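Computed from a prediction, not measured in an experiment: that's the story for all the values here. Values below: all heavy atoms of this structure, side chains included; hydrogens, waters and symmetry mates excluded.
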Amino acid sequence: MANHDFKYFYEDEVFRITKKGALQFGMVIENAEFASSDESSDEEEQPVKAGQIRVAWYPQGSEEVVPERKVHLADRSLMPGDVVRRLVQGKNTQRGYCRDVKVYSSVQVIGTNQVIFGVQSEDLTPLEAFKSDILIGLDGWVGMVRSVKSNLTLRFTDGSKVIVDDEVAEDLDDIRDKRDPECEFKRYDFYPGQILFGPVKSLEGGQWIECSPDIQSTRKHKPHKAFKVTVEEIDFISLGVSWICRAYFSSTTSTEETKAQPKFKVEGESLARVKMLNVFEPCTLQIGDRNFYTMKENDIVMMKSEWKKLQKDQLMKGKKDKPAKKVAKLAEVEHIDDDDNSSEFEDCEADSDAASVSSHDSSSQNIEGKSGKKKVKHQPGLMTKVLKKKKLKKTKKTGPLTMMVVKPGDKVVTETLSTRSEVDVVWQDGSVEKAIPSAELYPIHHLDDHEFFPGDFVTEAKEGFQPHSYGVVQDVDHAGRCCKVKWFRTYTEGAQPQPIYVSTADASAYDLKDHPDFKYRPGSI
């Protein structure tokens with residue numbers, strides 16, 4: 001199936017309005033591009049057919065195959081270097097490449113019912129210093145992190161402490177995240193202050209720094225008894241790295257001083273010299289991601305219920321150019337939110353919002369969708385009892401969630417609820433357009449050999465390689481398949497280290513080919 005037949009692609013952020021009027025975000029995890037027509041495929045998983053996508057709905061991660069027409073695009077997943085075109089129905093518009101991608105997000109403070117609106121992804125800090133599948137640099141060598149080993153110091157409520165490795169900690173439950181282990185939005189990052197829950201038996205093999213008599217007795221007589229423990233410190237022990245190449249060494253460095261390829265296992269004092277090459281990480285932010293954020297003076301903080309109203313209004317009415325005015329009003333009335341939610345059935349809605357991240361109730365998403373309509377007191381007795389039961393169960397938890405105060409300078413742990421990307425695009429005609437909403441762009445995943453862009457290095461497409469002659473594309477006529485090219489000759493040894501300009505000429509795209517050595521564009525490492 002051709003690329004243009006698809007509306008959505010992997011990791012696109014989509015949304016829908018449920019039958020009850022609730023706004024629901026999801027992430028595309030599969031479209032029909034690589035779907036097999038073989039009906040004998042995995043019977044447990046519903047196949048994705050033409051015109052359908054598989055979506056993981058936030059926050060529970062429940063996966064569903066839905067028709068493309070049933071959802072709307074909230075944010076396109078794009079990276080610097082990606083090739084795109086304008087999303088114009090029925091028109092084959094010119095191509096361009098993404099020079100820069102800025103991501104803005106709404107994040108919820110973990111353990112509260114508060115949302116910070118319009119946070120730039122550059123201001124979010126990863127919970128852990130090292131991650132697998134990230135490029136790193138060490139002593140001029142570049143490699144890919146394959147594994148990360150760390151030790152966690154866990155503290156019991158009575159002051160007992162034990163050090164365990166991260167594999168042991170992964171078997172403990174995060175009390176603020178009860179999502180299924182296979183959930184698309186389940187994260188396994190650890191951070192100071194995180195509260196874990198599990199049997200003391202699983203910690204037995206750790207290094208006990210302090211152990212109270214009560215914990216000592218429990219370890220001996222009731223090893224299956226579960227406790228809450230708080231992560232106090234994370235100490236990274238080693239990285240497993242697949243080294244790719246030698247990237248840099250100074251011309252003044254002697255052969256004796258050049259360092260050999262590091263070992264696969266990086267540990268000890270070498271860890272301090274490791275540099276993360278994750279320059280594009282801010283562009284990869286997705287719903288469900290958890291990060292540190294330091295509160296700022298001008299942050300716009302609102303209750304989650306108000307944020308939902310704002311998001312729904314913006315997405316459905318397209319008011320992307322007027323968020324500030326409306327947000328300001330919401331921020332002003334935030335302090336009276338409790339009065340607005342005074343009815344007993346409103347409590348259910350407010351708590352279901354908190355549950356979507358805290359995940360105290362595994363069915364929080366369903367409650368969220370239903371609470372908006374279930375405020376009438378003359379409903380059937382059974383339903384009233386169910387709602388009152390939920391209200392009684394949750395009232396105890398609602399208090400601390402809504403009363404927690406976050407102030408400028410506080411470092412908080414956040415979970416991303418939604419994203420909005422703006423892209424700077426260099427078009428083939430040489431123009432540069434800034435801050436285009438990513439939802440207005442369409443990714444081009446399959447290019448032929450005759451698509452060129454400003455800044456591309458090319459040679460003439462004739463027999464034999466001319467090593468001393470090359471061209472730099474200035475602009476491209478997409479429809480006419482014609483390029484304006486500046487031609488240069490490389491300098492020779494002993495001459496001025498500067499290429500020699502020859503001429504500027506128009507050339508057919510079919511008479512050009514990519515330079516075999518110089519293939520650079522934003523996104524290249």
Q: State, with a plain yes or no, whether a side-chain heavy atom of Tyr293 is found less than 4.5 Å away from one of Asp123.
A: yes

Q | Gap separating the CG atom of Asp173 from the CG atom of Leu196, nearest 0.5 angstrom | A | 8.5 Å

Q.
Tell me if a side-chain donor or acceptor on Asp456 pairs with a main-chain N or O of Val473 at a distance below 3.5 Å.
A. no

(Q) Just verifying a value: how many Å separate Arg99 CZ and Phe453 CZ, rounded to the nearest 0.5 Å? (A) 13.5 Å

Q | Asp12 vs Arg76, salt bridge (Lys or Arg N to Asp or Glu O under 4.0 Å): CA-CA, chis, key distance, verdict | A | CA-CA 5 Å; Asp12 281 352; Arg76 184 79 80 187; 2.6 Å; yes

**Q.** Pairing residues for Phe190 by the ring pair (Phe, Tyr, Trp, His ring centres under 6.0 Å) criterion, not counting sequence neighbours
**A.** none

Q. Excluding sequence neighbours, so at least two apart, what forms side chain to side chain contact (heavy atoms under 4.5 Å, CB included) with Ile134?
A. Lys131, Met276, Asn278

Q. What residues, two or more places apart in sequence or in another chain, satisfy side chain to side chain contact (heavy atoms under 4.5 Å, CB included) together with Thr294?
A. Lys411

Q | Nearest-0.5 Å distance that lies between atom OH in Tyr10 and atom CD1 in Ile29 | A | 8.0 Å

Q: Using modelled atom types only, decide if a donor and an acceptor are shared between the side chain of Ser105 and the backbone of Val119 within a distance under 3.5 Å.
A: yes

Q: For the pair Tyr442 and Phe9, evaluate ring-ring contact (aromatic ring centres under 6.0 Å, His included) and give the outcome as yes or no after the intermediate values.
A: CA-CA 10 Å; Tyr442 189 89; Phe9 297 88; 5.4 Å; yes

Q. By ring pair (Phe, Tyr, Trp, His ring centres under 6.0 Å), which residues pair with Phe25, not counting sequence neighbours?
A. none

Q: Check Val485 against Gly471 and note the closest heavy-atom contact, atom names and distance.
A: CG1-CA, 3.7 Å

Q. For Lys265, what residues pass the side chain to side chain contact (heavy atoms under 4.5 Å, CB included) criterion, not counting sequence neighbours?
A. Ser238, Glu267

(Q) Is the shortest side-chain heavy-atom distance between Val168 and Asp166 below 4.5 Å? (A) no

Q: Run the salt-bridge test on Arg16 and Glu64 with the 4.0 Å N-O cut-off and return the result as yes or no.
A: yes

Q: Taking Ser132 for its side chain and Val145 for its backbone only, find out whether a donor-acceptor pair lies under 3.5 Å.
A: no

Q.
Which heavy atom of Ser106 sits nearest to which heavy atom of Gly118, and what is that distance?
A. OG-N, 4.3 Å

(Q) Can you list everything that forms a ring pair (Phe, Tyr, Trp, His ring centres under 6.0 Å) with Tyr510? Sequence neighbours excluded, please. (A) His450

Q: Output yes when a side-chain donor or acceptor of Gln428 lies under 3.5 Å from a complementary backbone atom of Phe452, and no otherwise.
A: yes

Q: Output yes when Lys434 and Glu422 qualify as a salt bridge under the 4.0 Å nitrogen-oxygen rule, no when they do not.
A: no

Q: Taking Asp424 for its side chain and Ala435 for its backbone only, find out whether a donor-acceptor pair lies under 3.5 Å.
A: yes

Q | Criterion salt bridge (Lys or Arg N to Asp or Glu O under 4.0 Å) on Arg179 and Glu415, from CA distance to verdict | A | CA-CA 14 Å; Arg179 286 176 278 215; Glu415 180 161 331; 3.0 Å; yes

Q. Is it true that Lys70 and Glu68 make a salt bridge, defined as a side-chain N closer than 4.0 Å to a carboxylate O?
A. no

(Q) Can you tell me how far apart CZ (Phe457) and OH (Tyr470) are? Round to the nearest 0.5 Å. (A) 6.0 Å

Q) Checking Asp165 side chain against Glu167 main chain: does a donor-acceptor pair fall under 3.5 Å? A) yes

Q) If you take all heavy atoms of Asn151 and Ile237, which pair is closest and at what distance? A) ND2-CD1, 3.6 Å

Q: Using only heavy-atom distances, determine whether the side chains of Gln114 and Lys304 contain a donor-acceptor pair under 3.5 Å.
A: no

Q: Could you check if a side-chain atom of Gln24 sits within less than 4.5 angstrom of a side-chain atom of Lys308, using non-hydrogen atoms only?
A: no

Q) Could you state the interatomic distance from OG (Ser305) to CG (Leu310), rounded to the nearest 0.5 Å? A) 11.5 Å

Q: I would like to know whether Asp174 and Arg176 meet salt bridge (Lys or Arg N to Asp or Glu O under 4.0 Å); could you show each step before the answer?
A: CA-CA 5 Å; Asp174 183 342; Arg176 292 197 176 112; over 6 Å; no

Q | Asp75-Ser421 side chain donor-acceptor pair, cut-off 3.5 Å | A | yes

Q.
Could you check whether any side-chain N or O of Trp141 sits under 3.5 Å from a backbone N or O of Trp243, counting only pairs where one atom can act as donor and the other as acceptor?
A. no

Q.
Ignoring hydrogens and geometry beyond distance, is a side-chain donor-acceptor pair present between Gln94 and Asp429 at under 3.5 Å?
A. yes

Q) Would Glu13 and Arg420 satisfy salt bridge (Lys or Arg N to Asp or Glu O under 4.0 Å), going step by step from the backbone distance to the final call? A) CA-CA 9 Å; Glu13 184 181 317; Arg420 177 179 61 83; over 6 Å; no

Q.
Rounded to the nearest 0.5 Å, what separates atom OG in Ser438 from atom CG in Asp82?
A. 11.0 Å

Q.
Closer than 4.0 angstrom, basic N to acidic O: yes or no for Asp139 and Lys275?
A. no

Q. Has the side chain of Asp477 got a donor or acceptor atom that lies under 3.5 Å from a matching backbone atom of Ala479?
A. yes

Q. Between Ala74 and Ala439, what is the shortest heavy-atom contact and its length?
A. O-CB, 4.4 Å

Q: Examine distances only and state if a side-chain atom of Arg95 and a backbone atom of Thr93 form a donor-acceptor pair shorter than 3.5 Å.
A: yes

Q.
On the six-membered ring of Trp427, is Arg86 placed so that its NZ or CZ lies under 6.0 angstrom from the centre and within 45° of the ring axis?
A. no

Q. Given the rule in the side chain to side chain contact (heavy atoms under 4.5 Å, CB included) test, do Leu315 and His72 qualify, once you have shown the distances and angles that lead to the verdict?
A. CA-CA 9 Å; Leu315 291 168; His72 307 276; over 6 Å; no

